[in-house]
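Report on the structure given below.
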Amino acid sequence: MKRVGIEVSIAIAEAAALAEVEVVSAYPITPQTHIVEHLAELVANGELNAEFITVESEHTAMSAALGASLAGARAFTSTSSQGLALMNEIVYITSSMRAPVVMALANRSLSAPISIWNDHSDVMNERDTGWISIFANNGQEAYDLTFMAFKIGEHPNVLLPVMINFDGFILTHVIEPVWMFDKEEVKDFLPPYEHPYKLDVDRPTSHGPVGLPDIYTEAKKQQEEAIRNSRKIIDAVWDEFAERFGRRYRAVEEYYADDAEIVLLTQGSVTEAAQVVVDEMRKRGKKWGVVELRLWRPFPFEDLKKVLCNNNIKCVVVLDRAISFGGQLGIVMSEVRSALYHEKNKPMVVGVTAGLGGRDIRFDEYVKMYEIGEKCLKEEKEPDKVIIVGLRE
Amino acid sequence: MRLKERPKWQELLPGCVIDEPGNSVNYKTGDWKTLKPVVDKQKCIRCGTCWIFCPEYAYEEDEYGYFNPNYDYCKGCGICAVECPARCIRMEREEE
């Protein structure tokens, strides 16, 4: 392992190369472009023995990755925002056909108005597509999680695609120190990919057949069980990684959660920013903490309950970086609130939204989020709608 | 793997993969149709146009070179009746 200063996009591409992907099928889109550019370079230079498919759209990028994966090749794609939206049809099909494609998703807001900047509206739009979905909050995590994604998705008891989320620009275009592996170190960590029913002329199989009303329900139940059971493998892979390489990943990450009265629940790069705020405010006597929902799908119900219903935490302020129009506004907030619904000692759940379309969240705005929690506790009332922090009105 | 008639979810292969090649012959789609093609062999010139155009491969050639629809698989689309250059195929209502 060597620690190098590297642009996070390049590190993610290197993680895919480290996994020796056999097919890269991707279309450039800001802010993901550097990832596929670097992979194209590695293939062109002969440093990576892979087929790089230059497709004409993201819809085809996803389709070709799906086909490659079912043919038995380790397949990788990467996109952002509108690209993911265009892929949507095949995103759903890829998980339904149990093809363990890995996608690096540089999170970016959806148009309109056109925004190339970061929020989580792209991934939230794909919430119910049946992919394992994991958030990274810095370059090191994006690198590690992308590499591990292959081992998780390709496990014979899983066979599901995995999407790794990392914030566009905030991470993709930043140079960070990242511990990078040598090929030798990880050689036996990632076993060769074997799909048990791959497309093979000597042992013919049909994929993607019609499912009449008599079979569709059973097919969906099987898929739901598969992603629920993938949790065991996710934990096992992360544990093995921690034992061998020393960096531990958990479905729900805590920062001062054990003795905090109010925690901010985050996903992605805002996690570390919130931690800086907590460090500073603890000096001023505030018992605040941060809880990061790293694993988004399968949703870690038990882990979340264990962390949030610990008797100390009185209020959890959930920071959503996307909006569900006409609904609860906060997608993560409403999931967290319903996950805790049956718990006896559950904290108050308050929803805030900020950082949409690339707007920075300032120090005082993080403080404001915690203060909203304090106010709700004082008034003993959960607000009935999400509060948008930093909104001009 | 030969699927049972109405499998439980645990009995499906991942992603509904079919690993028994050609098993679609076990699924008879013939009962989808409301009209069936009837070939008038007096007019038939045995050209095979119906056999070429049939999207279900439901026409089978017999020992005399005539092409006959297999009603187990014919869905009654009527493409054969439209394409037949000898106008010898008539679509008739299926009677029980």
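Each chain gets a letter, A, B and so on, in the order its sequence line appears, and its residues count up from 1.
- If you take SG on B:C16 and OH on A:Y216, they are separated by 10.0 Å, rounding to the nearest 0.5 Å.
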Pair B:L12-A:I215, side chain to side chain contact (heavy atoms under 4.5 Å, CB included): steps then yes or no: CA-CA 9 Å; B:L12 292 174; A:I215 211 87; 3.9 Å; yes
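- Residue A:Q222 touches chain B through both its backbone and its side chain, counting heavy-atom pairs closer than 4.5 Å.
- Of the inter-residue distances, the one linking B:I18 atom CD1 with A:H207 atom NE2 reads 9.5 Å to the nearest 0.5 angstrom.
- Atom CZ of B:R46 has more than 12 neighbouring heavy atoms from other residues, nucleotides or ligands inside a 6.0 Å radius.
- Between chain B and the residues A:P209, A:A226, A:G208, the most heavy-atom pairs under 4.5 angstrom are made by A:P209.
- No more than 12 heavy-atom neighbours from other residues, nucleotides or ligands sit within 6.0 angstrom of CD on B:Q42.
- Of the inter-residue distances, the one linking B:R6 atom CZ with A:E218 atom CD reads 7.5 Å to the nearest 0.5 angstrom.
- Surrounding CZ of B:F53 are at most 12 heavy atoms belonging to other residues, nucleotides or ligands under 6.0 Å away.
- Heavy-atom distances place the side chain of A:L212, and not its backbone, under 4.5 Å from chain B.
- When A:L159, A:L70, A:T217, A:T205 are compared by the number of non-hydrogen pairs under 4.5 Å with chain B, A:T205 comes out ahead.
- Counting heavy atoms of neighbouring residues, nucleotides and ligands inside a 6.0 Å radius, atom CG of A:N49 does not exceed 12 of them.
- Rounding to the nearest 0.5 Å gives a distance of 9.5 Å between CG of B:D19 and OG of A:S206.
- For the atom pair CH2 (B:W9) and NZ (A:K221), the distance works out to 5.5 Å, reported to the nearest 0.5 Å.
- By the neighbour-count criterion of 12 heavy atoms within 6.0 Å, atom NZ of A:K220 is densely surrounded, having more than that number from other residues, nucleotides or ligands.
- Within 6.0 Å of CD in B:E61 there are more than 12 heavy atoms belonging to other residues, nucleotides or ligands.
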